[in-house]
Asker: 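The structure under discussion is supplied below as structure tokens; questions concerning it will follow.
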Amino acid sequence: MTVNSLSPGRILRFTLLSLGALIFLAPYIFMISTAGKAQSEIFSSSLSLIPQQWSYVENFTKALSRVSMPILLLNGVIVCAMIFIVQVVVAIPCAYAMAKLKFRAARLMMVLVMLGLLVPIHATALPLYVAFDRLAVLNSYTALVAPFSISVFAIFLFLQFFRAIPDDLIHAARLDGMSEIDIVARVVVPNAWPAITAFAIFSVVAHWNDLFWPLVVVTNQNYATPPLGLLYFRAAEAGDDYGALMAATLIITLPLVAAFLVAQKRFVEGITMTGLKG
């Protein structure tokens with residue numbers, strides 16, 4: 001792209017996008033800056049993004065030693081992976097049935113899915129807590145995973161994607177003698193990876209950052225997820241060691257940033273695709 005080809009409209013779009021990116025990245029930039037500052041510098045009257053005295057090693061050492069960071073990250077990976085796997089296993093057959101099979105309850109199921117999108121976890125937190133308490137499964141992966149095993153958002157997302165798959169492809173598979181399960185596993189799923197990847201980003205980000213539900217069902221630090229671990233860390237530090245707190249926050253958010261950078265192409269495809277590639 002040459003300088004002459006930069007029209008005023010293109011320059012304006014580039015400027016607005018750059019400004020928007022800077023606004024969204026500002027908290028992360030501030031977090032990286034604070035993670036490298038000494039306590040006295042954080043509370044100084046002057047504001048500078050570049051630390052005058054680099055304290056990254058000290059702050060990251062505190063973040064890794066005051067709470068069991070490997071256990072927090074491992075719990076986050078286990079919980080998010082279990083939730084995502086169960087959600088996909090449940091949502092794909094449901095979405096396929098609603099998109100490609102003809103049955104009387106299809107319209108009713110669609111209405112239930114739309115209604116399910118309107119119900120937040122907070123509305124069902126109390127009865128779920130009472131049920132898990134009576135089942136004696138509090139402070140366990142079961143309590144962290146079970147309420148999210150069915151995702152109506154996943155069903156809705158896959159439903160829209162599957163509707164764009166040509167019916168002729170499904171009919172051809174049936175003529176070849178495939179069962180509906182085989183069609184889902186060997187025809188639908190291979191073509192649905194962009195949608196699955198897009199949903200994976202939504203699911204992992206939502207449950208990795210979730211503090212409300214782990215705070216309700218977990219009191220044992222061995223099952224604490226990353227956000228809950230940060231709460232324990234802040235309590236242990238009396239809430240005033242912001243350099244170490246920002247270092248711990250940076251450690252916890254880095255896996256999400258890395259995962260998105262790796263999957264961003266598939267994520268965009270899953271959101272924008274409306275049919276099969278030729």
Asker: For Tyr56 and Ile32, indicate whether the former's side chain and the latter's backbone hold a donor-acceptor pair under 3.5 Å.
Answerer: yes
Asker: So does Lys37 get a backbone contact from the side chain of Asn59, meaning a donor-acceptor N/O pair under 3.5 Å?
Answerer: yes
Asker: Taking atom CZ as the centre, does Arg174 end up with more than 12 heavy-atom neighbours from other residues, nucleotides or ligands that are less than 6.0 angstrom away?
Answerer: yes
Asker: What are the two closest heavy atoms between Val119 and Ala123, and how far apart are they?
Answerer: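 Closest approach of Val119 to Ala123, heavy atoms only: CG1-CB, 4.4 Å.
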Asker: Enter the distance from Leu128:CG to Trp213:CH2 here, rounded to the nearest 0.5 Å.
Answerer: 4.5 Å
Asker: How far apart are the closest heavy atoms of Phe161 and Ala192, and which atoms are they?
Answerer: CE2-CA, 3.6 Å
Asker: Treating Asn209 as the side-chain partner and Val205 as the backbone partner, does any N or O pair qualify as donor plus acceptor under 3.5 Å?
Answerer: yes
Asker: Of all heavy-atom pairs between Phe158 and Ala91, which one has the smallest distance, and what is that distance?
Answerer: CD1-CB, 3.8 Å
Asker: Which residues end up grouped with Leu126 if you chain together Ile, Leu, Val, Met, Phe, Trp and Tyr wherever their side-chain heavy atoms are less than 4.5 Å apart?
Answerer: Val130
Asker: How many angstroms lie between atom CE of Met69 and atom CG of Leu64, to the nearest 0.5 angstrom?
Answerer: 6.0 Å
Asker: Any side-chain heavy-atom pair from Gln221 and Leu72 closer than 4.5 angstrom?
Answerer: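 They are not in contact (no side-chain heavy atoms under 4.5 Å apart), so the answer is no.
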Asker: Determine whether a donor-acceptor pair (N or O, by modelled atom type, separation under 3.5 Å) exists between the side chain of Asn139 and the backbone of Thr219.
Answerer: yes
Asker: Do you know which two heavy atoms are closest between Ser33 and Pro51, and how far apart they sit?
Answerer: O-CG, 3.8 Å
Asker: At their closest point, which heavy atom of Gly76 faces which heavy atom of Pro226, and how far apart are they?
Answerer: CA-CD, 3.7 Å
Asker: Drop me the distance from Gln53's CD to Glu58's CD, to the nearest 0.5 angstrom.
Answerer: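 Interatomic distance, Gln53 CD to Glu58 CD, rounded to 0.5 Å: 8.0 Å.
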Asker: Are Phe14 and Leu25 grouped together when hydrophobic residues (ILVMFWY) are joined by side-chain heavy atoms under 4.5 angstrom apart?
Answerer: no
Asker: Measure the CG-CE distance between Leu108 and Met110 for me, rounded to the nearest 0.5 Å.
Answerer: 12.0 Å
Asker: If two hydrophobic side chains count as joined below 4.5 Å and joins carry through other members, does Ile165 share a cluster with Leu101?
Answerer: yes
Asker: Treating Ile, Leu, Val, Met, Phe, Trp and Tyr as nodes and any side-chain heavy-atom pair under 4.5 angstrom as an edge, say whether Leu228 and Ile71 lie in one connected cluster.
Answerer: no
Asker: Does any part of the side chain of Leu73, heavy atoms only, come nearer than 4.5 Å to the side chain of Ile251, both counted from C-beta?
Answerer: yes
Asker: Output the distance between atom SG (Cys80) and atom CD1 (Ile85), rounded to the nearest 0.5 Å.
Answerer: 11.0 Å
Asker: Indicate whether the side chain of Ser203 and that of Gln87 have a donor and an acceptor atom separated by less than 3.5 Å.
Answerer: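 Side-chain D/A pair, Ser203 to Gln87: present.
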Asker: Looking only at atom types and distance, does a side-chain atom of Ser140 sit under 3.5 Å from a main-chain N or O of Val137, one as donor and one as acceptor?
Answerer: yes
Asker: Do any N or O atoms from the side chain of Asp133 and from the backbone of Tyr129 form a donor-acceptor pair under 3.5 angstrom?
Answerer: no
Asker: Around Ile181, counting heavy atoms of other residues, nucleotides and ligands shown, do more than 12 lie under 6.0 Å from its CD1?
Answerer: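 Atom CD1 in Ile181 is not packed in, count stays at 12 or less.
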Asker: Please confirm whether the backbone N or O of Thr61 pairs with a side-chain atom of Ser65, one donor and one acceptor, at under 3.5 Å?
Answerer: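 Yes: the side chain of Ser65 pairs with the backbone of Thr61.
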Asker: Pairs of donor and acceptor atoms involving the side chains of residues 143-156, under 3.5 Å and at least two apart or interchain, shall be tabulated with distances.
Answerer:
unit_1	atom_1	unit_2	atom_2	d
Ser149	OG	Ala146	O	3.0
Ser151	OG	Ala154	N	3.1

Asker: Which word best sums up how the rings of His122 and Phe212 line up, parallel for under 30°, tilted for 30 to 60°, or perpendicular for over 60°?
Answerer: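 Tilted, since the angle between the ring planes falls between 30° and 60°.
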Asker: Got a second to check how far Trp208's CH2 is from Thr225's OG1, nearest 0.5 Å?
Answerer: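 So the gap between those two atoms works out to 9.0 Å.
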Asker: What's the verdict on side chain to side chain contact (heavy atoms under 4.5 Å, CB included) for Tyr96 and Ile170, showing C-alpha distance, side-chain angles and the deciding distance?
Answerer: CA-CA 11 Å; Tyr96 170 77; Ile170 305 298; 3.7 Å; yes
Asker: Determine, step by step, whether Phe60 and Leu250 satisfy the side chain to side chain contact (heavy atoms under 4.5 Å, CB included) criterion, reporting the C-alpha distance in whole Å, the side-chain angles of both residues, the deciding distance to 0.1 Å, and the verdict.
Answerer: CA-CA 9 Å; Phe60 276 93; Leu250 190 60; 3.6 Å; yes
Asker: Start with the C-alpha gap between Tyr28 and Val257, add the side-chain angles, then the distance that decides, and say whether side chain to side chain contact (heavy atoms under 4.5 Å, CB included) holds.
Answerer: CA-CA 11 Å; Tyr28 206 77; Val257 175; 3.8 Å; yes
Asker: Check whether any side-chain heavy atom of Leu118 lies under 4.5 Å from a side-chain heavy atom of Met114, and answer yes or no.
Answerer: no
Asker: Check whether any side-chain N or O of Asn75 sits under 3.5 Å from a backbone N or O of Asn222 as a donor-acceptor pair, and report yes or no.
Answerer: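 Pair found, side chain donor or acceptor close to backbone of Asn222.
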Asker: Following the transitive rule for hydrophobic clusters with a side-chain heavy-atom cut-off under 4.5 Å over Ile, Leu, Val, Met, Phe, Trp and Tyr, establish whether Leu112 and Ile92 coincide in one cluster.
Answerer: no
Asker: Might you work through the side chain to side chain contact (heavy atoms under 4.5 Å, CB included) test for Phe84 and Ile196, ending with a clear yes or no?
Answerer: CA-CA 10 Å; Phe84 171 68; Ile196 295 174; 3.8 Å; yes
Asker: May I have the step-by-step check of salt bridge (charged side-chain N to carboxylate O under 4.0 Å, His left out) for Lys100 and Glu180, ending in yes or no?
Answerer: CA-CA 10 Å; Lys100 296 301 180 183; Glu180 298 299 331; over 6 Å; no
